[in-house]
Amino acid sequence: MAGYPFEAIERKWQAYWKAHKTFRTPADVDMSRPKYYVLDMFPYPSGTGLHVGHPEGYTATDIVARYKRMKGFNVLHPIGWDAFGLPAEQYALRTGTHPRITTEANIARFRTQLQSLGFSYDWDREVNTTDCAYYRWTQWIFLKLFERGLAYEAEVPVWWCEALGTTLANEEVIDGRSDIGGHHCERRTLRQWVLKITSYAERLLAGLEEADWPASTKEMQRNWIGRSEGAEIDFPLPDSSASIRVFTTRPDTIFGATYMVLAPEHPLVNTLTTAAQHAAVSAYLAQALRKSDLERTELQKEKSGVFTGGYATNPATGSRIPVWVADYVLGTYGTGAIMAVPGQDERDWQFAKVFGLPIVRTVAPPEGFEGEAYTGDGPAINSDFLDGLRVEEAKARILDWVESSGVGRRKVNYKLRDWLFSRQRYWGEPIPVVFSNGEARPVPPEDLPVTLPALEAFKPSGSLEGPLALAEDWLATTDPDTGAPARRETNTMPQWAGSCWYFLRYIDPHNTEALVDPALERYWMPVDLYVGGAEHAVLHLLYARFWHMVLYDAGVVASPEPFAKLVHQGMILGELEYTTYKEVENGQLVTAEEVQGRVHRPTGSAVEAVRIREELVQKDGAHFVLKDNPAIRLNVRAHKMSKSRGNVVNPDEIVAQYGADAFRLYEMFMGPLEQVKPWSTRGVAGTSRFLNRTWRLLSGERGRVGDTEPSPEQWHMLHQTIHRVTQDIDALRMNTAIAALMEFINAAYKWDMVPRQVAEPFVLILSPFAPHIAEALWEGLGHEGTLAREAWPAVNQAYLTEDTVVIPVQVNGKVRATIRVPADMPKPDVLARARQEENVLRFLHGTKVRKEIYVVGRIVNFVAR
RNA sequence: GCCGGGAUGGCGGAAUAGGUAGACGCAACGGACUUAAAAUCCGUUGGCCUCAGGGCCGUGCGGGUUCGAGUCCCGCUCCCGGUACCA
């Protein structure tokens with residue numbers, strides 16, 4: 001394959017950019033010029049290197065960065081490494097290699113790979129979360145949180161994973177198994193550092209309003225924060241001064257509260273349990289505690305619970321209602337207790353049905369309602385002074401009553417819980433706290449960083465403490481105030497910590513006096529465009545916003561929200577696969593739709609999946625079938641890339657075969673950035689072909705560029721292309737921008753000569769997409785040095801408009817002809833011209849024209865009968 | 001269940017202040033060049049019909065609005081992602 005010499009070109013220009021620091025953003029930029037901060041979610045440098053998914057977002061941001069530079073912006077486009085985390089530590093456990101070693105090696109590999117793709121990062125601003133000069137400031141932020149009462153210790157029931165030797169956050173445990181590795185986890189109570197993110201719930205919610213973020217991501221954050229308005233109401237216990245406090249969003253239904261339920265972990269369970277019920281209750285509690293979340297979910301259909309024997313008083317009705325214990329009430333939400341209103345709550349209805357508890361409707365369901373609990377709107381019934389009121393009005397009335405009679409108060413509740421911030425691991429930022437006489441004392445900021453000790457062994461300590469408990473020399477220290485002996489905190493921070501603020505450090509990465517210089521921060525923030533995976537829609541993006549707001553309150557940063565515009569790149573799936581099944585016993589192929597699980601339903605025999613090559617497949621109606629046996633229908637799908645499926649595409653191989661420019665182009669050409677799309681290596685051959693054609697046409701030695709005056713058609717083609725590409729980049733529609741570039745080359749191929757005045761702007765607008773070949777072409781056209789700071793070509797409107805336009809002529813909405821007319825021809829003339837078309841006349845013959853429509857420059861339509 | 005996104009040729013996808021559906025690319029087919037192949041270049045390519053002018057049908061399904069609907073409205077189906085006893 002004799003293509004253009006991409007290998008030499010890419011090597012040369014990557015070396016040039018590196019040697020000349022072409023993409024360095026100096027610390028002292030001219031702040032009178034506009035800025036643009038384009039940020040990628042920085043990668044975790046895993047041992048397996050880049051996959052084709054990483055460069056998708058990176059290419060998009062690189063195109064924007066290069067484009068904005070040419071538009072005259074000061075551009076900040078950095079990269080770094082989110083390098084703390086469990087995989088390196090587990091690798092260390094297995095092999096004895098220190099995580100620092102593995103991490104450095106992985107980073108080196110990632111860096112080489114990213115550079116081979118020609119991304120225009122400012123490599124002088126690289127940050128690494130595991131660098132003590134970096135995590136010094138992560139620790140510094142922790143001190144700010146501590147100072148402001150936002151970091152506190154608590155005995156928290158946490159997920160303990162025996163296999164990993166560490167606790168995990170709720171979100172790291174899925175169905176009772178660790179997200180990483182899938183190990184079994186159980187609940188333990190431990191002393192933990194917790195960050196008070198809940199006190200920012202309201203502001204985190206409000207900040208979403210303005211953000212130019214995907215609607216789905218904003219919605220996910222809203223759901224995660226889970227704000228709900230309601231009331232806390234106390235239900236007194238008849239035989240004591242205590243009461244059960246519940247949270248409810250439906251105080252209007254209180255007259256239908258016929259029983260109460262406590263979560264198994266509720267402190268009043270013991271108090272309420274009568275002697276007669278004691279055995280039953282403790283059996284239930286023991287069983288509930290053992291249940292994993294998985295089991296709880298699986299058993300969800302059937303409600304379980306037990307009567308405590310105790311009663312409480314419904315403050316609205318004054319009646320005695322039984323108190324039950326059931327695990328469908330969560331200890332961690334609200335007050336861990338509910339008033340059960342089966343008439344208006346499906347869960348309560350189910351429970352009441354199982355245990356024969358009374359059901360009273362307090363909202364009249366609509367006529368013909370056949371369901372059980374009715375949760376919709378309607379007039380109140382059986383509700384004393386609320387009767388007849390609709391839900392909203394009834395709520396307002398009862399809340400006034402609740403507050404004036406002192407049985408409760410309005411209350412806003414959140415699903416969001418405080419952020420469990422401790423990890424019992426080695427490979428994370430040490431929490432900068434020491435313990436003296438059992439009291440937590442912050443390490444003074446001037447003593448930061450608290451560096452990780454160089455441990456030799458990485459075994460879990462055997463206790464609930466992490467490996468740092470084994471670093472004896474490191475552990476022993478002194479109280480910063482009193483000088484008394486003290487012991488260091490052995491917990492480290494979770495991986496989220498370093499990524500909560502890295503975008504600030506890029507602004508001023510070498511500052512030893514401050515996290516970031518305030519003037520620089522004010523200039524560069526917020527991030528103008530942030531691109532990364534939707535998997536971070538909630539956690540990373542919420543935690544980062546939280547820290548940023550705290551830093552804002554502390555006067556460290558100048559704006560409360562860090563990311564002005566956010567875009568998620570869609571996942572890249574493996575190549576499209578055609579599959580069906582064959583019977584294991586005789587190898588007979590069977591049609592895919594008759595297979596369920598691993599069994600061929602008609603015969604009951606065991607089958608296994610087989611992949612069918614594309615050339616053996618054809619479409620038959622709505623299905624894909626085998627060419628030589630159309631009775632066999634196939635499944636057609638692209639699957640998520642995974643090692644086990646064997647469909648992982650390695651970017652290095654693609655770059656070696658087609659070059660970085662063709663690879664970048666294909667990544668962008670596949671389809672809209674946000675969309676999920678299947679990979680196709682043959683598609684890369686297509687973008688590679690385009691670059692070859694471009695080279696043949698425009699390269700200095702054998703190209704067809706000449707110093708002729710462009711024709712009107714050539715000017716038009718050029719400016720139309722500039723216009724489309726510019727608009728498309730602004731809207732991140734890289735796929736259609738590339739299509740426009742291809743159309744230009746296709747048109748230019750028909751010209752005898754490409755005028756220099758047309759060729760040069762084309763090379764410039766090609767350059768953000770395919771920077772290496774563009775630099776080489778630019779040089780070939782006689783320029784010296786890089787084109788990276790050349791001005792982005794401007795569109796000349798005069799060349800955009802055409803003198804004549806092609807207008808389709810419809811009769812009754814169907815196109816019967818097209819005519820070419822001057823763009824400014826008046827309506828009557830256009831209509832007259834349209835009527836001259838033979839085919840139009842044919843369809844108008846014998847009819848009467850009722851209406852004549854001409855939309856200027858677009859369409860003619862005769863309505864005739 | 002709930003929330004969000006989607007469905008257009010053999011494939012990836014274009015086209016939304018409603019105005020020629022299928023840009024661009026892949027694949028396929030035909031031709032040129034070549035001893036041959038690769039590469040390249042030119043062309044064809046939604047389906048069906050055709051007296052070769054053109055005609056009919058066609059954007060997941062069923063209705064509606066309109067001179068005109070892939071695009072707007074109502075009612076569904078299926079697929080993907082997220083989430084799940086949050087009171």
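In what follows, chains are A, B, ... by sequence order, proteins preceding strands, each numbered from 1.
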Across all strands shown, which nucleotide pairs with C76(B) by Watson-Crick or G-U wobble geometry, both distances under 3.5 Å?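 Partner of C76(B): G60(B).
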Interatomic distance at [atom1], [N] relative to [M], whole Å:
| N | M | atom1 | value |
| --- | --- | --- | --- |
| G55(B) | A7(B) | C1' | 30 Å |
| G1(B) | A14(B) | P | 30 Å |
| G9(B) | C61(B) | P | 10 Å |

Applying ring pair (Phe, Tyr, Trp, His ring centres under 6.0 Å) to F744(A) and F762(A), what does each step give before you reach the verdict? CA-CA 9 Å; F744(A) 174 90; F762(A) 175 80; 4.4 Å; yes
Starting from the 5' end of RNA chain B, give me the residue, V863(A) or V806(A), whose nearest nucleotide shows up first.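 Upstream on the strand: V806(A).
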More 5' along RNA chain B: G813(A) or T687(A), using each one's nearest nucleotide?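 Counting from the 5' end, the first nearest nucleotide belongs to T687(A).
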Stacked cation flag R361(A) on Y374(A), 6.0 angstrom / 45 deg: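 Checked: cation-pi criterion not met.
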Is the Lys NZ or Arg CZ of K827(A) less than 6.0 Å from the centre of Y854(A)'s six-membered ring, within 45° of the axis?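 Judged by the rule (NZ or CZ under 6.0 Å from the ring centre, within 45° of its axis), K827(A) is not positioned above Y854(A).
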Can the ring centroids of Y259(A) and F351(A) be said to lie less than 6.0 angstrom from one another?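 Yes, ring centres under 6.0 Å apart.
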F624(A) ring center within less than 6.0 Å of Y578(A) ring center: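 Aromatic pair counts; centres sit under 6.0 Å.
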Taking the side chain of F669(A) as its heavy atoms from C-beta onward, which of C41(B), G25(B), G19(B) lies nearest to it?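 Of all the options, the side chain of F669(A) is nearest to G25(B).
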Considering only NZ, NE, NH1 and NH2 on the basic side and carboxylate oxygens on the acidic side, decide whether K395(A) and D252(A) come within less than 4.0 Å.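 Judged by the 4.0 Å cut-off on N to carboxylate O distance, K395(A) and D252(A) do not form a salt bridge.
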Using the glycosidic torsion, which applies to G55(B): syn (within 90° of 0) or anti (everything else)?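 Anti, since the glycosidic angle lies more than 90° from 0.
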Which nucleotides of nucleotides 47-59 of chain B have their base under 4.0 Å from a protein heavy atom (B), which only their sugar-phosphate (S), and which neither (-), written as one string 5' to 3'? -------SSSS--
